[in-house]
Number of protein chains: 2
Amino acid sequence: MLPRRPEAKLHAAAPVFAALGDATRLRLVARLCSGGPASIAALTANVDVTRQAVTKHLHVLQDAGLVRGLRQGREQMWEIEPAKLDEARQCLDIISAHWDAAIERLRAAVEE
Amino acid sequence: MLPRRPEAKLHAAAPVFAALGDATRLRLVARLCSGGPASIAALTANVDVTRQAVTKHLHVLQDAGLVRGLRQGREQMWEIEPAKLDEARQCLDIISAHWDAAIERLRAAVEE
DNA sequence: CACATATGCAACCATATGGTTGCCTTTCGA
DNA sequence: TCGAAAGGCAACCATATGGTTGCATATGTG
């Protein structure tokens, strides 16, 4: 199921990075990671935007697969989906690995 | 110079993630990482958008500190700035570390 | 039941984003 | 010197984004 070509992996990671590319959303992700599941009201208390804005951000994160929401009574709880975070990290690792390899090739060429 | 509070680090990383959050830009970054410095014309050959679009993307990446451009004759060469990539990776590591700690706390609480 | 809390839905708005085309300038090479 | 190659600049366009306000709905509680 997983694509072998690293390029396809990169392509899939772009939306995840886009979702992380907002200061408010990054705070929400960090909050959910360190503090565990939380309701919208609780999350709104930590940022400086409206509850509606928080709701929108959570949906963006959900579309990227970074969080998951589940209803509990009258509260909508949100929790992190750590697999996607790992995916993003692996993507950076792949790119960095290529960089390291390029450095190594350069070093070898110079010392030749 | 580096902020101690992890939150400040997160806030600084958001623009980097935003810059990485586009498929074309991610391809450019990967290309520059694995293939070394390249001109705009060379980079344009690898993607399916106009040269102008590539130029815009490169400036976005430059504003995020991910690439650096330098003129060589009539060519504008672009190269990767690996420090920013590491910064993004560290940011994900910090978040994941909090997640791991939360998991550990949960495990400890259950086994208590 | 009545009220406060928690959320959803929709409209609306300003600005950012990703992309294009057209034209001008610089530089290399025959 | 003259044409082609490589870029820069600017205008323009459609859509996405981040945010708001207003109102409706569901749910817990005294």
Side-chain angles (χ1 to χ4, degrees), chain A residues 10-32 35-80 88, chain B residues 10-32 35-80 88:
Chain A
L10 294 190
H11 198 276
V16 179
F17 286 129
L20 293 175
D22 176 274
T24 304
R25 282 197 293 268
L26 208 48
R27 282 185 68 175
L28 290 175
V29 168
R31 163 72 166 76
L32 290 177
S39 71
I40 295 181
L43 292 173
T44 302
N46 281 344
V47 297
D48 54 350
V49 291
T50 322
R51 171 181 59 89
Q52 311 293 346
V54 172
T55 298
K56 280 195 182 180
H57 281 309
L58 287 169
H59 281 111
V60 170
L61 291 171
Q62 179 179 244
D63 289 346
L66 279 165
V67 302
R68 186 161 44 113
L70 47 116
R71 193 82 189 220
Q72 277 182 4
R74 67 175 160 178
E75 287 185 335
Q76 174 80 18
M77 303 299 287
W78 292 88
E79 64 182 9
I80 208 75
Chain B
L10 294 189
H11 197 275
V16 179
F17 286 129
L20 294 174
D22 176 274
T24 304
R25 281 198 294 268
L26 208 48
R27 282 186 68 176
L28 290 175
V29 168
R31 163 71 166 77
L32 289 178
S39 72
I40 295 181
L43 292 172
T44 302
N46 281 345
V47 296
D48 54 350
V49 292
T50 322
R51 170 181 60 89
Q52 311 294 346
V54 172
T55 298
K56 281 194 182 182
H57 281 309
L58 287 169
H59 281 111
V60 171
L61 291 171
Q62 180 179 244
D63 289 347
L66 279 165
V67 302
R68 185 160 46 111
L70 48 116
R71 193 82 188 221
Q72 276 184 4
R74 67 174 161 179
E75 288 185 334
Q76 174 81 18
M77 303 299 287
W78 292 87
E79 64 182 10
I80 207 75

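Keep in mind the model is a prediction, meaning the values are calculated, not measured.
Taking atom CG of residue A/Leu58 and atom P of nucleotide C/dC9, one finds them 14 Å apart after rounding to whole Å. The distance from atom CE of B/Met77 to atom P of D/dG8 is 13 Å, rounded to the nearest whole Å.
Within 4.0 Å (heavy atoms only), B/Arg71 reaches sugar-phosphate atoms of the nucleic acid but no base atom. Contacts of A/Ala41 with the nucleic acid, taken as non-hydrogen atoms under 4.0 Å apart, involve only primed sugar atoms and P, OP1 or OP2.
When each of D/dA6, C/dT20, C/dG8 is scored by its nearest atom to the side-chain atoms of B/Ala53, the top-ranked nucleotide is C/dT20. Checking D/dG19, C/dT20, C/dA6 against every side-chain atom of B/Val49, the shortest atom distance belongs to C/dT20. Checked against D/dG7, C/dT20, C/dG18, the side chain of B/Ser39 finds its nearest nucleotide in D/dG7. With D/dG19, D/dG7, C/dG18 as the candidates, the nucleotide lying closest to the side chain of A/Thr50 is D/dG19. With C/dC28, C/dT20, D/dT27 as the choices, the nucleotide that has an atom nearest any side-chain atom of B/Arg74 turns out to be C/dC28. Distances from the side chain of A/Lys56 to the nucleotides D/dG19, C/dG18, D/dC9 place D/dG19 closest.
In summary, the aromatic rings of A/Trp78 and A/His59 are positioned with their centroids under 6.0 Å apart.
Judged by distance alone, with hydrogens and angles left aside, the side-chain atoms of B/Arg31 form no donor-acceptor pair with the main-chain N or O of B/Ala38 at under 3.5 Å.
For the atom pair OG1 (B/Thr50) and NZ (B/Lys56), the distance works out to 10.0 Å, reported to the nearest 0.5 Å.
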